[in-house]
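Input: a single structure, listed below in structure tokens.
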Amino acid sequence: MIFVTEVLTNAIRAGTAVGYVSVGEVIGQRSGVINLGAEGSMLAGALTAFALTAWTGNPWYGVMCGGISGALMSLIHAFVVITRNANQLATGLAIMFFGQGITAYFGSSYVNLQISGFEPIALPFLSDIPIIGSIFFHHDILTYLSMLMVPLVWVFLFSTKWGVILRATGERDEVVYAHGKSPNCIRYMAVVVGGFFAGVGGAQLSIAFSHSWMENITQGRGLIGVILVIFASWRPERAMLGAYLFGGSQALIVSLQGRGYNFSSFLLFMIPYILTIVVLVMVERTGWNPMPEALKKVFGRG
Amino acid sequence: MLAKRVFFNKYSIGTKITMALGICIVYGVFLYTQGANPFLIYYEMFQATFGNVYGIGEVAIKATPFILTALAVAIPARVGLISVGGEGQLACGALSSTFAAVYIFKDMPSFIGIPMLLLAGALGGALWAVVPGILKIVARVNETITTLLLNYVAFFLVGYFIYGILKSPDAYGWPFSPRFSDSLRLPTLEGTRIHIGILIAVAVAIIVWYVTMYTHLGFRMRVVGGNVKAAKHSGIIVERMQFVTLIVGGAVGGLAGIIEVSGIEGHLRPMTGVGYGYIGFLVAWMAGNHPLLIIPFAILLAAISVGGNALEMHSGLNSSIVLILMGFILIVILAIGKRGGK
């Protein structure tokens, strides 16, 4: 039982950063823009947050500026793919490389620095509930925020007027246009908000999870977050679940190896990706394709 | 028709020069703010890449995998498929050929061993492409997503074997495969690191170009790529064309893997060729998927990355500064090349 709670607790700890990216990407992709540059946004957010926290001592400045720098990175993506109509996949990869370069360069003086950042807080009363308390309520503040974020994004997407407009932009933008809104303007906002989320995810990684900075700290988590959206069939709650699954596969490895089990962690790392493919095949079998229409154009004909 | 889609034909010489100058100036200002002399740095980068024989060789070495991974994207693109699987195909080609080199062809003489290794690499890449190929034609799952996902699986597969049964006992605990025997290393130009890989890559590019432009098969590929309905009505089995191009693309991607291992490193590491598949995708995009135009664009990106290493040695600036330049150039090209190469 201790083992299970340990794995589940760490699954949430390790999955939260990916969850931020993924939920943000749900918003962006619902508008019809896929942003592989989320990896770059996440890196920018992680470094900015770390640098600001180290400099000011206040991690909240770090989170805010981390989010903003993530948003700025995605603004480049938005400009190139929406205004200049460039290929979304190629642009995303270019932004990923750009983010890797810019953070590796400016981050080199922060390597080997330790900061306190956000420490886990046990929520009063809630954390005393057996098992559930220790799994869900012994985390840092950004993890709690991510748990709050999911229902908020869900409500926004599925029961507000702006949510409907956002989803319509991804499905049939001429309807949005006829309604008197600019689809491109909505796409800009969606992509930038997605980038902000990715930046906050990066911030969670550097100032609440690892408390340190290293080159390419995200190690592909941004791309994973983007892919999880497909796994999640463009729903925020499933995206977060996917992120926890991803965190869980990592936590399981750490826990098992900590108990002296000797096996290769690489096979476990594959699980989320193979699972996604299986889900895709099953979804395709039902004939129900939840991919927003505008994205289908990006991926070529089905 | 093809030429019109190619990026470079759409702009006047003036536009291109302005663009290149603009990039140089903006990046130069950035370098200046970092306390470096941009003119000196540009001079050093040029010296390190095209300034002498050694530099040209380094660029050629670096461009080799980029050409092949770009072709791995360009071949399926001919029939309208978007593959991002160069990364995984490279890894699997490297893995399968490392197995072959360590267990099967260890004591073979070069003239049998090396062709066999190349075959093993191509086979590994092709096998890796079978998965998205089958998923595409049987279950109609989008090939872009599956190839992207399988890149990660391939990366972990390489890690699994390198930390497991392929781990060399003589590597002082490092996760390396055993070294290839000397007979299985690609022949190099006397006294340099330049190996025959670049010739293979260019040859493959020319073959792909010839086949797609001047053969019946290439014509049918272009019909499928242009209009699926028309292709079906004219009796072409679209699914078979899609499957075959994915596999052939995978084989070419696998070649990049074996050439990287046998030509340069001599053993497989977990990080061998990581990122080359994505660079290949960008190269293919910039070249509008034209097999021959891929070569200069691969050389351009190779030169930037070689120049970056030189920068670190000479000016003390972190070599990642050149990734900034690469990302910046790519973004500018993407932003300016309106609807180009789609």
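Here is how names work: the chains are called A, B, and so on, in the same order as the sequence lines, proteins then strands, and each is numbered from 1.
Note on ring orientation: taking the six-membered ring where Trp is involved, the planes of A:Tyr273 and A:Phe246 are perpendicular (angle over 60°, cut-offs 30° and 60°). Taking the six-membered ring where the residue is Trp, B:Trp174 and B:Phe176 present parallel rings, their angle staying beneath 30° rather than reaching 60°.
Interface residue A:Ile277: backbone and side-chain heavy atoms are both found under 4.5 Å from chain B. Residue contact with chain B, scored on non-hydrogen atoms closer than 4.5 Å, involves the side chain of A:Leu36 exclusively. Interface remark: B:Leu325 contributes no atoms to any contact with chain A (heavy atom separation under 4.5 Å). For B:Ile321, the parts lying near chain A are the backbone and the side chain together; criterion is any non-hydrogen pair under 4.5 Å. Residue B:Phe328 touches chain A through both its backbone and its side chain, counting heavy-atom pairs closer than 4.5 Å. Heavy atoms of A:Ile230 lying under 4.5 Å from chain B belong exclusively to its side chain. Within the 4.5 angstrom heavy-atom criterion, atoms from both the backbone and the side chain of B:Tyr160 approach chain A. In this structure, the portion of B:Leu135 lying under 4.5 Å from any heavy atom of chain A is its side chain and not its backbone.
Taking CG from A:Leu93 and CD1 from B:Ile279, the interatomic distance works out to 10.0 Å, rounded to the nearest 0.5 Å.
Most heavy-atom pairs under 4.5 Å with chain A: of the set B:Gly159, B:Gly327, B:Ala139, this distinction falls to B:Gly159. Ranked by heavy-atom pairs shorter than 4.5 Å toward chain B, the options A:Ile76, A:Ile274, A:Thr103, A:Val281 are led by A:Val281. When each of B:Tyr152, B:Tyr278, B:Tyr163 is scored by its heavy-atom pairs under 4.5 Å with chain A, the top score falls to B:Tyr152.
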Exercise for the section: Please test B:Ser177 against B:Lys167 for side chain to side chain contact (heavy atoms under 4.5 Å, CB included), starting from the C-alpha separation and ending with a verdict. Expected result: CA-CA 5 Å; B:Ser177 78; B:Lys167 188 168 171 179; over 6 Å; no
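When every heavy atom of A:Ser41 is checked against every heavy atom of A:Gly70, the shortest pair comes out as OG-O, 3.0 Å.
Side-chain atoms of B:Glu87 come within 3.5 Å of backbone atoms of B:Gly277 as a donor-acceptor pair (strictly under, hydrogens ignored). Judged purely by atom type and a 3.5 angstrom limit, B:Thr147 uses its side chain to pair as donor or acceptor with the backbone of B:Val84.
B:Phe161 has its ring centre no less than 6.0 Å from the ring centre of A:Phe266.
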